[in-house]
K.L.:
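One structure is given below, represented as structure tokens, and several questions about it will come after.
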Amino acid sequence: MKFAVKAFPLAVLALASCSPDGPPELRLSDAWARETVSGQTATAAYLTIENRGESADRLVAVTAPAPARASLHMTRRDQGIARMRPIEGGLEIPPGETVTLEPGGAHIMVQGLAEPLRSGETLRLTLRFTRTGERALAVPVQTAGATGPARNGH
Amino acid sequence: MRQIRIALWVVVAIALVGLAILMTRALADRSTISERIGAATFGGPFTLTGADGQPFSSSKLAGKPHAVFFGFTHCPDVCPTTLARLVRLREQLGEDEQPFEILFISVDPERDGPAEVRKYSELFDSPVIGLTGSPAQIDQVKRQFGIYSQKVPDGSGGYSVDHTASVLLFDGQGDFVATLSPEEQDRVALDKLRRITA
């Protein structure tokens, strides 16, 4: 009986790892946001999302500290015209792939900032995925001239 | 057979001569393209409102090469990215102190007054001339510079603005020379910038 009790969780794990439809495994990294000046109420946050799991997940919502609001947007350029649109239905993170939110592409738009974001501060966001659920993200704020997250040592 | 061969050689000779003529004309044309385009399309004198709230006349740019970008301060991604890139490219040129002016002209005059463009210009750690104006003045300048913009409601009472996001480059005579687009590598952008700062 004892053996069966001990063996049971191992058996479940063994079965789970043999399953072709394992869960998504998300790794969030390289987050950064751009600083703002007083009176500028919107900015963008970017990050890299890697899915090391076996099934897709979808980023469907982002929340920011009140009174600010966050939402997913995509910048598109056609014939020199830049258009920013909400990403309808969220952003899919396929299994085995890495999705990067970066300038000129997909980004988290943070609006309604009550105070300027200063370089060196941390913006705390919560990302909601359909399968993984909510993940907290600490986003370092960079200077306006930044083109990516800070490298180690900066 | 021999006649066919001669005929073919004549065709080759004609093709080579034609090619030589086209190439010579293309090379000769290059030096006049910017004048022709400048006269036909972008630029011209304008008056807007400066970041200090005072009228800003384009005559202040006489003799100064300049890069012009149209955007709006509520723009979270394209606008700061483009202006930061222009500042960075200007640093890479570095031959003399300020080889070209960077102008930021708002396509959202309803929200972007002089104070807004002034503060936004100060984000970049390097001189950026922020300009706004009345909706009529902005419309006029957009027409002169061939710029498209369109308000797009965002569903929660606010709006974004679709807009031409290319950077227009003008030489010291105020003639349009080239555009920069973000898809280009820095090397290509720097070559174009040197054409206005040389």
Side-chain angles (χ1 to χ4, degrees), chain A residues 32-47 62 64 67-88 100-113 115-119 123 125 139 141-148, chain B residues 69-91 107 111-126 128 130 146-150 152-168 179-183 186:
Chain A
W32 65 286
R34 211 180 269 111
E35 67 179 347
T36 63
V37 286
S38 81
Q40 186 190 352
T41 57
T43 193
Y46 310 96
L47 76 149
V62 184
R69 310 178 304 281
S71 49
L72 288 169
H73 281 81
M74 176 75 79
T75 296
R76 287 195 203 286
R77 291 179 58 100
D78 80 271
Q79 290 162 343
I81 298 172
R83 304 180 197 269
M84 194 186 67
R85 293 288 181 272
I87 301 179
E88 304 291 356
T100 304
L101 285 74
E102 59 190 346
H107 56 277
I108 296 168
M109 175 157 121
V110 183
Q111 305 178 77
L113 290 165
E115 305 239 315
L117 285 177
R118 304 271 185 225
S119 170
L123 172 67
L125 299 177
V139 183
V141 179
Q142 307 293 355
T143 62
T147 51
Chain B
F69 176 69
F70 288 78
F72 61 110
T73 70
H74 279 71
C75 169
D77 179 52
V78 173
C79 305
T81 301
T82 306
L83 288 169
R85 180 170 184 249
L86 279 174
V87 165
R88 194 178 79 246
L89 289 170
R90 184 164 67 185
E91 282 163 16
V107 291
R111 289 187 298 197
D112 292 343
E116 283 71 28
V117 297
R118 177 176 51 76
K119 285 184 276 191
Y120 196 75
S121 306
E122 287 165 7
L123 257 180
F124 301 98
D125 233 2
S126 183
V128 168
I147 298 296
Y148 167 86
S149 80
Q150 178 70 53
V152 178
D154 68 7
S156 51
Y159 59 88
S160 160
V161 186
D162 289 354
H163 61 99
T164 304
S166 314
V167 176
L168 284 75
T179 60
L180 295 183
S181 79
E183 293 85 27
D186 280 4

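Quantities reported herein were computed from a predicted structural model and do not represent experimental measurements. Below, chains carry the letters A, B, ... as their sequence lines are ordered, and counting in each starts from 1.
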K.L.:
Counting only heavy atoms closer than 4.5 Å, note whether T164(B) contacts chain A via side chain, backbone, both or neither.
P.N.:
both
K.L.:
Report yes if the side chains of I81(A) and Q150(B) come closer than 4.5 Å at any heavy-atom pair, otherwise no.
P.N.:
no
K.L.:
So for E183(B), is it side chain, backbone, both, or neither that comes closer than 4.5 Å to the heavy atoms of chain A?
P.N.:
side chain
K.L.:
Give the intermediate values and the outcome of side-chain contact (heavy atoms from CB on, under 4.5 Å) for residues R77(A) and S181(B).
P.N.:
CA-CA 10 Å; R77(A) 291 179 58 100; S181(B) 79; 4.2 Å; yes
K.L.:
First locate atom OG1 of T81(B), then atom NE2 of H107(A), and finally report the distance between them rounded to the nearest 0.5 Å.
P.N.:
8.5 Å
K.L.:
Is it true that D162(B) and R76(A) make a salt bridge, defined as a side-chain N closer than 4.0 Å to a carboxylate O?
P.N.:
no
K.L.:
Select one option (side chain, backbone, both, neither) describing which atoms of R34(A) are under 4.5 Å from chain B's heavy atoms.
P.N.:
side chain
K.L.:
Could you please state which residues from residues 111-121 of chain B sit under 4.5 angstrom from chain A, measuring non-hydrogen atom to non-hydrogen atom, sorted by number, or 'none'?
P.N.:
K119(B), Y120(B)
K.L.:
Ignoring hydrogens, what is the shortest heavy-atom contact between A165(B) and A82(A)? Give both atom names and the distance.
P.N.:
CB-CB, 3.6 Å
K.L.:
Take V152(B) and R85(A), measure what side-chain contact (heavy atoms from CB on, under 4.5 Å) needs, and give me the verdict at the end.
P.N.:
CA-CA 9 Å; V152(B) 178; R85(A) 293 288 181 272; 3.9 Å; yes
K.L.:
When rounded to the nearest 0.5 angstrom, what distance separates SG in C75(B) from CE in M109(A)?
P.N.:
9.0 Å
K.L.:
Heavy atoms only, distances under 4.5 angstrom: which of A146(A), G80(A), A42(A) has the most pairs with chain B? Name it, please.
P.N.:
G80(A)
K.L.:
What distance do T147(A) atom OG1 and R88(B) atom CZ have between them, rounded to the nearest 0.5 Å?
P.N.:
5.5 Å
K.L.:
What part of D77(B) is in contact with chain A, defined as an atom under 4.5 angstrom from a non-hydrogen atom: side chain, backbone, both or neither?
P.N.:
both
K.L.:
About how many Å separate CD of E122(B) and CD of Q40(A), when rounded to the nearest 0.5 Å?
P.N.:
12.0 Å
K.L.:
Below 4.5 Å, heavy-atom pairs only: which of P76(B), S166(B), G71(B) has the largest tally toward chain A?
P.N.:
P76(B)
K.L.:
Working to the nearest 0.5 Å, report the span between CD of E35(A) and CG of L123(B).
P.N.:
6.0 Å
K.L.:
Take atom CG of D125(B) as the centre, draw a 6.0 Å sphere, and report whether it contains more than 12 heavy atoms from other residues, nucleotides or ligands.
P.N.:
no
